[in-house]
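Side chains included, hydrogens not; waters and symmetry mates left out as well; all remaining heavy atoms used.
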Amino acid sequence: MTSITSVELNYLVFRYLQESGFMHSAFTLGYEAGINKCTIDGNLIPPGALITFVQKGLQYLEMEANLSNNDVEMDEDFSFLQPLDIITKDVNQLRQMIKEKRKNIQKDRDKDKDKGKDKDKDKDKDKDKDKDEDEDEDEDKDKDKEADQEHEGERGRVREKERHEREKEREKEREKETEKAEINKEREKQPEELADRDMVVDQEDKDAVKREENGISVVGPEPMDIATTSTLATQEACEIPNSDVTVLEGHTSEVCACAWSPTGSLLASGSGDSTARIWTIANGLCKSGAQNSPLNVLVLKHVKGRTNEKSKDVTTLDWNGEGTLLATGSYDGQARIWTTNGELRTTLSKHKGPIFSLKWNKKGDYLLTGSCDKTAIVWDVKAEEWKQQFDFHTGPTLDVDWCNNVSFATSSTDHMIYVCKIGEIHPIKTFAGHKGEVNCVKWDPTGLLLASCSDDITAKIWCLKQDKYVHDLREHSKEIYAIRWSPTGPGTNNPNQPLILARSNI
């Protein structure tokens, strides 16, 4: 009999984790089991292969347990066993369970037969009783009619009273709804008062907040107001017509990341096909008549020869502040820096696991990477070498984000968030409060507030002056994978607009 190998089983589990959305677990298993080295053609494996394989195995064991050596075919007493019993017990134990079940079924059938005989006897007796009862019922019906007529008038009066009471309750509810509507109108007229109520940081924090910028202590701008109530919920949804949508085709596998260049005309995308692409998006491309125009695209290959190596998946990418360089991180643990004309400028190698996130600082002299090897590394781009490695986490580093040119935050599967600074050997701040993997961290435009989201179905907002979160957002019902601050408030081109935090899940 053909048996399944450990390599084949690992691949089925890897595919199951990917199909179930457990991407972090799939990455880890793929890296440790060397999935990229196996010769299995993933295109031949149908979706749900592992589940199908396990179900067929359970069915086989169930069939084996129900068929004895003398059985030629299954009889009417075929017993369906529980999956847990099939997994935890051997065939002899399962057969013993089936025998006991069949005995119990036969006993129940014998009891049913005896009950049937007794019912036939009882029916004959009941017929005689029914005749006598019918005569008594006729007399009782005449009496009941007289009693019903007497009480009908009284019931009508009770119903009328109940109807009046219900009408009064409805009037009270209408009055309450009218009052609520008036209150909502007043709130819309006074947005500034509501914003004052929803301040994230108190006035004392505003007056004293300072941050580190390039090693120099400077007074930062005041924190932005955060609208905890959904001010956008009242706006109508905007549906984009198909005529205004452009589909960029070229990748041969899933697209893992994309980012607009600060120049606005270039869009970068990274894929599981071992390539990144730089698309030139001309003005008016999405207008009618421009759909058929050829797209200018550069293909940045991360592997020579075959393009289906899982170890070369482009997992993350980011543009520098001037839009002149594109950094990509891949599953092979290497970060690469490309020019806008598609030329590979630098390859940065030190991580011992897949890179899940990378970010340029605002000045553009440092590149920050976070990896499955539980570390984050700051790279000196000009010197083309690593400057400092931070290994504070006990699980894979999932995301990184710069606070300023020398300080940054990291998040991990270990539920922790660390704020680190170049030159320091210990975190300058530790945030603990999430109860699941912290998937994303993002500083607001002032660098004073840090937002995070997690598998614990919450998003939290942190302030450097406090150890505990200042806001705990629990509106979601599933794991949250991405968060973004709006480009508004002090330090942006929209200083008078309120700060908004967007969160999303799958």
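- If you take CD1 on Ile461 and CG on Leu449, they are separated by 7.0 Å, rounding to the nearest 0.5 Å.
- Using a 4.5 Å heavy-atom cutoff, the side chains of Leu300 and Val314 are not in contact.
- Taking the six-membered ring where tryptophan is involved, the planes of Phe356 and Phe27 are tilted, since the angle between them lies from 30° to 60°.
- Every residue two or more places apart in sequence or in another chain that forms a side-chain contact (heavy atoms from CB on, under 4.5 Å) with Ser357 is listed here: Asp399, Val400.
- Glu8 places no side-chain N or O within donor-acceptor distance of the main-chain N or O of Ile40, the cut-off being under 3.5 Å.
- Contact detail for Lys363 and Asn405: the closest heavy-atom pair is N-OD1, 2.9 Å.
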Give the C-alpha distance, both sets of side-chain angles, the deciding distance and a yes or no for side-chain contact (heavy atoms from CB on, under 4.5 Å) between Thr410 and Ile417. CA-CA 6 Å; Thr410 65; Ile417 301 171; over 6 Å; no

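- Although no hydrogens or angles enter the test, the distance criterion places no donor-acceptor pair under 3.5 Å between the side chain of Trp402 and the main chain of Lys362.
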Quick one: do Trp260 and Trp319 satisfy side-chain contact (heavy atoms from CB on, under 4.5 Å)? Show the steps, please. CA-CA 8 Å; Trp260 282 102; Trp319 291 94; 5.8 Å; no

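- No more than 12 heavy atoms of other residues, nucleotides or ligands sit less than 6.0 Å from atom OH of Tyr16.
- Using modelled atom types, one side-chain atom of Thr488 and one backbone atom of Pro498 make a donor-acceptor pair closer than 3.5 Å.
- Looking at Thr397, its side chain never comes within 3.5 Å of a backbone N or O of Ser412 through a donor-acceptor pair.
- Contact annotation: the side chain of Trp360 never approaches that of Leu368 to less than 4.5 Å [non-hydrogen atoms, C-beta and beyond].
- Residues Arg484 and Ser504 are not in side-chain contact: their nearest non-hydrogen atoms beyond the backbone lie 4.5 Å or more apart.
- The side chain to side chain donor-acceptor pair (under 3.5 Å) check on Trp338 picks up Thr328, with sequence neighbours excluded.
- In terms of modelled atom types and a separation under 3.5 Å, the side chain of Asp456 and the main chain of Thr458 share a donor-acceptor contact.
- Without hydrogens or angle criteria, Thr315 side chain to Gly329 main chain gives a donor-acceptor distance under 3.5 Å.
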Lys359 vs Asp401, salt bridge (charged side-chain N to carboxylate O under 4.0 Å, His left out): CA-CA, chis, key distance, verdict: CA-CA 6 Å; Lys359 296 285 171 54; Asp401 194 47; 3.8 Å; yes

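- By the 4.5 Å heavy-atom criterion applied to side chains, Ile278 and Asn341 are not counted as neighbours.
- In terms of heavy atoms, Leu358 sits closest to Ala335 at CD1-CB, 4.4 Å.
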Could you walk me through whether Asp472 and Lys468 pass salt bridge (charged side-chain N to carboxylate O under 4.0 Å, His left out), step by step? CA-CA 10 Å; Asp472 188 17; Lys468 189 179 180 181; over 6 Å; no

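- Every residue meeting the salt bridge (charged side-chain N to carboxylate O under 4.0 Å, His left out) condition with Glu19, not counting sequence neighbours, appears here in chain and number order: Arg15.
- Heavy atoms only, all atoms of each residue included: Val7 and Cys38 are closest at CG1-CB, 3.8 Å.
- Between Val441 and Ser411 the shortest heavy-atom distance is CG1-CB, 3.7 Å.
- Thr375 and Gln389 share a side-chain donor-acceptor pair at under 3.5 Å.
- The shortest distance between side-chain heavy atoms of Trp485 and Thr446 does not fall below 4.5 Å.
- With sequence neighbours excluded, the residues forming a side chain to side chain donor-acceptor pair (under 3.5 Å) with Ser452 are His434, Trp462, listed by chain and number.
- Taking the side chain as every heavy atom from C-beta outward, Phe390 and Tyr418 never approach each other to under 4.5 Å.
- Nearest heavy atom pair, residue His476 against residue Ile457, reads O-CG2, 3.1 Å.
- Under a 3.5 Å cut-off, the side chain of Ser261 and the backbone N or O of Leu267 do not form any donor-acceptor pair.
- Going from atom NE2 of His24 over to atom CD of Glu437 covers 6.0 Å, rounded to the nearest 0.5 Å.
- Distance CG/Leu50 to CG/Leu17: 9.0 Å, rounded to 0.5 Å.
- For the pairing with Thr280, the side-chain contact (heavy atoms from CB on, under 4.5 Å) check across Thr340, Leu266, Leu298 returns one residue only, Leu266.
- Annotation: salt bridge (charged side-chain N to carboxylate O under 4.0 Å, His left out) contacts involving residues 364-385, sequence neighbours excluded, are absent.
- Cys256 SG to Tyr331 OH: the interatomic distance, rounded to the nearest 0.5 Å, is 11.0 Å.
- In this structure the side chain of Asn439 never reaches within 4.5 angstrom of the side chain of Ile480, judged on heavy atoms.
- A donor-acceptor contact closer than 3.5 angstrom links the side chains of His251 and Ser269.
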Passes side-chain contact (heavy atoms from CB on, under 4.5 Å), Tyr31 versus Cys372? Steps please. CA-CA 9 Å; Tyr31 177 73; Cys372 185; 5.6 Å; no

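- Atom OH of Tyr481 is separated from atom SG of Cys440 by 12.5 Å, given to the nearest 0.5 angstrom.
- Side chains of Asp332 and Ser330: a donor on one and an acceptor on the other come within 3.5 Å.
- Val438 is not listed as a side-chain neighbour of Leu398, based on a closest heavy-atom distance of 4.5 Å or more.
- A donor-acceptor pair under 3.5 Å is absent between the side-chain atoms of Ser349 and the main chain of Gln334, judged by distance alone.
- Looking at every heavy atom in both residues, Ser371 comes nearest to Pro354 through OG-O, 2.9 Å.
- Note on ring orientation: taking the six-membered ring where Trp is involved, the planes of Trp379 and His351 are perpendicular (angle over 60°, cut-offs 30° and 60°).
- Atom CG of Leu44 is surrounded by more than 12 heavy atoms from other residues, nucleotides or ligands within 6.0 Å.
- Of the possible donor and acceptor atoms, one in the side chain of Ser454 sits under 3.5 Å from a partner among the backbone N and O of Gly436.
- The CG atom of Leu450 sits 9.0 Å away from the CG atom of Asp444 when rounded to the nearest 0.5 Å.
- Taking the side-chain contact (heavy atoms from CB on, under 4.5 Å) definition, one finds that Lys429 meets it with Val419, Phe431, Leu464, Asp467, sequence neighbours left out.
- For the pair Asn361 (side chain) and Tyr366 (backbone), a donor-acceptor distance under 3.5 Å is present.
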